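Let me begin by presenting the structure, written as structure tokens, before commenting on it.
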Amino acid sequence: MGGEQKKLEGGNSSSSSPTASSSSSSSSCFSHFWSSALRVKPLTHPTEVSVRTNSGDGLVRRLGMLELVLIGVGASIGAGIFVVTGTVARDAGPGVTISFLLAGLSCVLNALCYAELATRFPAVVGGAYLYTYSAFNELTAFIVFAQLMVDYHIGAASIARSLASYVVTVFELFPFLKDNIPDWIGHGDQEFFGGALSINILAPILLALLTMVLCRGVGESSVINSSMTTLKVVIVIIVICVGAFEVDVSNWTPFSPNGSKAILTGATVVFFSYVGFDAVANSAEESRRPQRDLPVGIMGSLLICISLYIGVCLVITGMVPYYLLGEDAPLAEAFTSKGLKYVTVLISIGAIAGLTTTLLVGLYVQSRLYLGLGRDGLLPSIFAKVHPKNHTPVHSQVWVGIVAGTLGGLFNVHVLSHILSVGTLTGYSVVAACVVVLRLKDKTGSQVSSSASREGVICLSTIACCGFIAGLFYRVNVTFILLLLATVVAILAIVALYFRQVYADPPGFSCPGVPIVPAVCIFFNMFLFAQLHHEAWVRFVILSIISIVVYALYGQYHADPSSGETIIYHRTPGEEAP
């Protein structure tokens, strides 16, 4: 009997073994995923990164302060300055000037956060992804990268199609070409399969040309960007100066015909006309003196953009009554109505130059982000390869060109514009949160305790949620009391951050007013997030889930957070050490 009992117990033990093994395996997989997802990239002092300049392949530190400023201006000022200013003015009236000023000030706060982190981190590629990796964790950084990439890819394809249309329009100025260029060459108006496809041959050709320029080297692409950005800035200044003599100040009355809400709504629209200064942060590894030049490049480019936008707003609303402004090309139509057709030609040239530089910088930034993830192992190592002669991430650059060329050549990506800006707002919000988290320290020492860090993250999350809720209340026109309540809760969370936490002084540039300034950035960014089309929210959720799956299948097994400590770069001849 005892033997039979032992056999039975043994049999039961044997029969339960597979189940226990399966449960243990599942637990082990989940444990590995969780531990990997929570990994952070070690934050070293900017001067402590291992640097080798006499061997190996890497990027070249060739960009000076002026080039960085022009990269920021080139990324921000596109055809939008000739279109968005007028379209928003039809609702906000001359008050569109205040809309651009408010949006610009909001972007200044975001730029201050970027400027601090740009000098706090080693001068390597990564931008918002790199900051998130060090302040939060690996999985969050990968999700931020994915959200940014969708914005960049769709945005590049859309800009390429717009640029192709402008180029064809210029060709059609020649009599023998007018009305003889098929729509599928550049305008993309001809659709197939019920609108599923919209062929545009010129867009991928233009993308291929710019990709080749970027593969040649950062020096060559910087020369083109600097030349074309200077050209469009000069054209905008000419437009402002010539238009100033045609201003009728009576057109500025009433200044806000539809009230303050139209001005605030206009600010949420034109906010995206300033995005692009983050391109400067992604140029860190190719900057000659990143600790000094990056903050100047970020803030300088943004202040130039604010000045140009405000100047154009004042001119366009002073030349023509706001309710008579056109929808498609308001600035050009305003000058045409005054008999200044030569200025209209300049506007077309400026639009082409603006689109070209915006597209060039966008492709440049994307390749550097892929390079950073390839180095860290979150993407295949082929993205981390740098050409030994040209010192550019050729494989990443070509991949970016292929994706944008496919989207721009086959699909009408303009219809996807309502799901854009999700990545931008997500990135800006996370960067602001990174400033607060990286500044936290324990009240009795230099390191932050886990409880203090947890409390800080809870406060930041509360501010983000309140910003989104306030934005929803504003969007659906609910009672002012609920909007005020969400704002008050956010203020209480900011007060808790201010009085219950201790913050260290960072090396290099310091964002003023921490934690208030970053908290205000998060609140306003999430307020804008709530103004996006609901399909943009769906895109955020779906893409985040896809990112988690991709990370679970590949990233967690290949990532190496410490890989950034062996970056190799080349200095230009005669360059001073950073």
Side-chain angles (χ1 to χ4, degrees), residues 30 32-41 43 110 113-114 117 121 125-155 275 278 281-282 365-366 368-380 383 396 400 403 416 419-438 453 457-458 460-461 463-465 467-468 518 521-522 525-526 528-530 532 535-561 563-564:
F30 179 79
H32 183 272
F33 171 84
W34 194 244
S35 62
S36 300
L38 296 180
R39 287 184 302 209
V40 297
K41 194 175 184 67
L43 175 61
N110 283 284
C113 297
Y114 263 94
L117 296 181
F121 280 75
V125 295
Y129 152 78
L130 175 64
Y131 309 150
T132 308
Y133 204 164
S134 294
F136 290 100
N137 54 65
E138 192 168 279
L139 180 58
T140 303
F142 188 71
I143 292 174
V144 168
F145 161 80
Q147 297 289 350
L148 285 171
M149 271 306 107
V150 171
D151 273 14
Y152 278 127
H153 284 321
I154 297 177
V275 300
D278 58 326
N282 282 284
V365 171
Q366 291 177 62
R368 270 52 183 181
L369 282 172
Y370 275 108
L371 172 63
L373 269 82
R375 284 172 172 172
D376 292 334
L378 288 167
L379 290 178
F383 290 108
S396 296
V400 168
V403 173
L416 299 177
I419 69 169
L420 287 178
S421 304
V422 174
T424 302
L425 290 173
T426 301
Y428 284 6
S429 300
V430 173
V431 166
C434 288
V435 171
V436 176
V437 171
L438 291 173
S453 177
V457 171
I458 291 174
L460 292 171
S461 301
I463 294 167
C465 291
F468 182 76
C521 289
I522 295 171
N525 291 339
M526 287 297 99
L528 292 178
F529 196 102
L532 299 178
E535 291 183 8
W537 308 339
V538 175
R539 170 219 136 161
F540 176 82
V541 174
I542 293 176
L543 185 57
S544 296
I545 294 173
I546 294 174
S547 302
I548 294 172
V549 172
V550 173
Y551 175 80
L553 296 177
Y554 182 88
Q556 65 167 324
Y557 300 109
H558 298 85
D560 179 12
S563 61

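Keep in mind that what you see is a predicted model, and the values were worked out from it rather than measured.
Looking at Asp376 and Tyr129, their side chains come closer than 4.5 Å, going by heavy atoms from C-beta outward. Using a 4.5 Å cut-off on side-chain heavy atoms (C-beta onward), Leu528 and Leu532 make no contact. When side chains are defined from C-beta on, Ile419 counts as touching Ile154, because their heavy atoms get closer than 4.5 Å. Contact of the Val431 side chain with the Leu117 side chain is registered, since non-hydrogen atoms from C-beta on lie closer than 4.5 Å. For the pair Leu369/Val125, no side-chain contact is recorded, criterion being any heavy-atom separation below 4.5 Å from C-beta on. Side-chain contact between Leu378 and Phe145: absent, with no pair of heavy atoms (C-beta onward) separated by less than 4.5 Å. Taking 4.5 Å as the limit, some side-chain heavy atom of Val550 sits within range of a side-chain heavy atom of Phe142. In this structure the side chain of Pro380 reaches within 4.5 angstrom of the side chain of Phe383, judged on heavy atoms.
The backbone N or O of His32 lies less than 3.5 Å from a partner atom in the side chain of Ser35, making a donor-acceptor pair. Counting only distance, with no hydrogens or angles, the side chain of Lys41 and the backbone of Pro561 share a donor-acceptor pair below 3.5 Å.
Legend: residues meeting side chain to side chain contact (heavy atoms under 4.5 Å, CB included) with Ala433, ordered by chain and number and at least two apart, are Phe136, Leu460, Ile522. For Val40, the side chain to side chain contact (heavy atoms under 4.5 Å, CB included) test picks out no residue, with sequence neighbours left out.
Among all heavy-atom pairs drawn from Leu420 and Gly155, the shortest one is CD2-N, 4.3 Å. Across all their heavy atoms, Phe33 and Leu139 have their closest contact at CZ-CD2, 4.2 Å. Here the closest heavy-atom approach between residue Leu148 and residue Gly423 is recorded as CD2-O, 3.3 Å. Heavy-atom minimum distance, Ala432 versus Pro518: O-CB, 3.4 Å. Nearest heavy atoms, Ser36 versus Glu138: O-OE2, 3.4 Å. For Asn282 against Gly126, the heavy-atom pair with the smallest separation is OD1-C, 3.5 Å.
The distance from atom CE of Met526 to atom SG of Cys521, rounded to the nearest 0.5 Å, is 11.5 Å. How far OH of Tyr370 is from CG of Leu379: 7.0 Å, rounded to the nearest 0.5 Å. The structure places CH2 of Trp537 at 8.5 Å from CZ of Phe529, a figure rounded to the nearest 0.5 Å. With rounding to the nearest 0.5 angstrom, the OH atom of Tyr551 is 10.0 Å from the OH atom of Tyr557. Distance CG/Asn525 to CG/Asn110: 4.5 Å, rounded to 0.5 Å. Taking CD1 of Ile542 as the start and CD of Glu535 as the end, the distance is 10.0 Å to the nearest 0.5 Å.
For the 3.5 Å distance criterion, the side chains of Ser396 and Gln366 fail to qualify, holding no donor opposite an acceptor. Between the side chains of Gln147 and Arg539, at least one donor N or O lies within less than 3.5 Å of an accepting N or O.
Judged as a side-chain hydrogen bond (donor to acceptor under 3.5 Å, both in side chains), not a single pair has a partner in residues 426-437 (not counting sequence neighbours).
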